[in-house]
Amino acid sequence: MKLNYKRTILVGFAFFLICAFWQAYDNTIPLILTNKFGMSQTWSGVIMALDNVLALFLLPLFGAISDRSHSKKGRRTPFIVVGTLIAAVALVGLSFVDLAQLNNIKDVSAIDDPKALVTIYEKEKDAALITPDGVKFTLAEKFSQEEFAAIRSQTQEGEKTLTNPDYTNYVVPARQAYAWQATAESPVTLVFFIALLLVVLVSMATFRSPAVALMPDVTVKPLRSKANAVINLMGSAGGILVLVLGMVFATASVRNSLMSYTGYFAVIAAIMLLALVVFLLTVREPEWAAQMVEDSIHYGLEDKPAEPADGAQTEEPETLPAAKSGLSPEEKKSMIFILLSIVLWFFGYNAVTSKYSVYASNILHKDYNLTLIIAQAAAILSYLPVGMIASKVGRKKTIRVGVIMLAVSFGVAAFLRDNSPAMLMNAMFALAGIAWATINVNSFPMVVEMCSESDVGRYTGLYYTASMAAQVATPMLSGLLMDKLGMTVLFPYAAVFSALALVTMHFVKHGDSRPEAKKGLDALEDLDN
């Protein structure tokens, strides 16, 4: 049995543009909220959870709607087109609102200007502040006005540029407090920012389930782990491209902590639209979906649809095989535990992805883009081998190995600081990238393995409901703990939840692909889908 890699790659362009968007969103929105609007990590986490709150309802809804939709372009393609167009336009609009807020705090936008530091000092010298390490202080207790104004964001040591610890520990919290005061005095910009953010998030939510459901729509069940590896490979390529752009635009630079994102967001929107054009010109959804159904019926993977009574009409008989009667009690138990496992590992993983840009700047004093590129590159190199391994040893065993690696990588990263070898943190993120590829490639196929082809969109929505439920809570919970205990709690938090997922995966007994157990599949060896 052979996977049509070209076809799968073309389908993957939808996931490519989705991941490009979310990589930019996760990296920049927390920085905008904390640096320009002055929000605490807790409130930033609340805003970052908005997309996941919406996704809890919208992903299963639009997944189910796309299951029942009828279009000449197919069940999924219209959602992908409309959602992408709205999201790209709204993303550019979001950058202009960000620019308006930057104008509101222009008095402190020059981070190396002593006058800006004097302004901050006079405004916030008596305020109760907290360092990234959780130490409470007031500026007046630590510095005179002259001493505070003399702090610079960076110092030179030979050819290496280092962040001044005083800047990280005292200037950044004070500047954020100043920005929050400016936001409180003129909240209109924040209201517009959140309103436009909602437009972006709703538009992305309308087509995420349909885009992901398209892969199983055009791929027979035994090949879905391999196909999902290719889809995730495309997603990682989109993420890496955005991270490289982040390095080009220097979004992680301390000096650019109050930069304008207009050009950066415009490029991201252009990438999304270009990927959409490639998708529309190459993907023939109705034809490919019909061929998948024919192959599944012909080789005994699905039952042939019942013949209609004389004169009866059926909807799209050429694209939908006979539906299952529902999950058995044991399958329901496995479904519950795999969804719970998804919740737990997303609790750990998303806490890191949503907060790492802030953590790297304040604790590690490193460029977060490079570290995340290493993680993505490791994932890219792992996707195809992981899909092949799972087809030999099973999805469940492969996932459990991935969860162990994820917990270990986060556990070791918890002990690393700015004076730790950079290669060690990079190695841990590479391991985390491999682990996440191992988990991601196999978890979605396990969910849709248990459902009929007519319900793929709905079960795709359930998969994303589980992941989004975790992503609703974890930015707020991790942000609250970072505010109360310091930023260094991030990686221990992630390691604990990753380890808990290993326990729940023990109770998953269904969803593995066992092609050797299906009659007649040996004859598929030379089939090119």
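Note that these values count all heavy atoms, side chains included, but never hydrogens, waters or copies made by symmetry.
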Steps toward ring-ring contact (aromatic ring centres under 6.0 Å, His included) verdict (Trp180, Phe37): CA-CA 5 Å; Trp180 177 247; Phe37 289 100; 8.8 Å; no

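- Heavy-atom neighbours of Trp22 CH2 from other residues, nucleotides or ligands within 6.0 Å: above the threshold of 12.
- Exactly one residue among Trp345, Phe347, Phe410 makes a ring pair (Phe, Tyr, Trp, His ring centres under 6.0 Å) with Phe497. That residue is Phe347.
- You'll find the side chain of Arg175 reaches within 4.5 Å of the side chain of Ser257, heavy atoms only.
- In the displayed structure, Phe192 atom CZ is contacted under 6.0 Å by at most 12 heavy atoms of other residues, nucleotides or ligands.
- Checked against the 6.0 Å centroid threshold, Phe143 and Tyr121 do not count as a close aromatic pair.
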Step-by-step ring-ring contact (aromatic ring centres under 6.0 Å, His included) determination, Phe429 to Tyr356: CA-CA 11 Å; Phe429 265 75; Tyr356 183 68; 4.7 Å; yes

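- Contact check for Asp98 versus Thr262: no side-chain heavy atoms found under the 4.5 Å cut-off.
- Remark: the backbone N or O of Met259 is paired with a side-chain donor or acceptor of Lys36 at under 3.5 angstrom.
- No close placement of the Phe279 and Phe16 rings is indicated, their centers lying 6.0 Å or farther apart.
- Inter-residue side-chain proximity for Met272 and Leu276 is flagged as unmet; no heavy-atom pair is nearer than 4.5 Å.
- The six-membered or imidazole ring of Phe62 lies away from that of Phe207, with a centre-to-centre distance of 6.0 Å or more.
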Residues 233-242, side-chain donor-acceptor partners within the protein, below 3.5 Å, at least two apart:
from   : atom 1 : to     : atom 2 : distance (Å)
Ser236 : OG     : Asn232 : O      : 3.2
Ser236 : OG     : Gln376 : OE1    : 3.4
Ser236 : OG     : Tyr383 : OH     : 3.0

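- Between Ile120 and Leu117, some side-chain heavy-atom pair lies under the 4.5 Å cut-off.
- Of the charged side-chain nitrogens involved, none lies within less than 4.0 Å of a carboxylate oxygen, so that Lys142 and Glu124 do not count as a salt-bridged pair.
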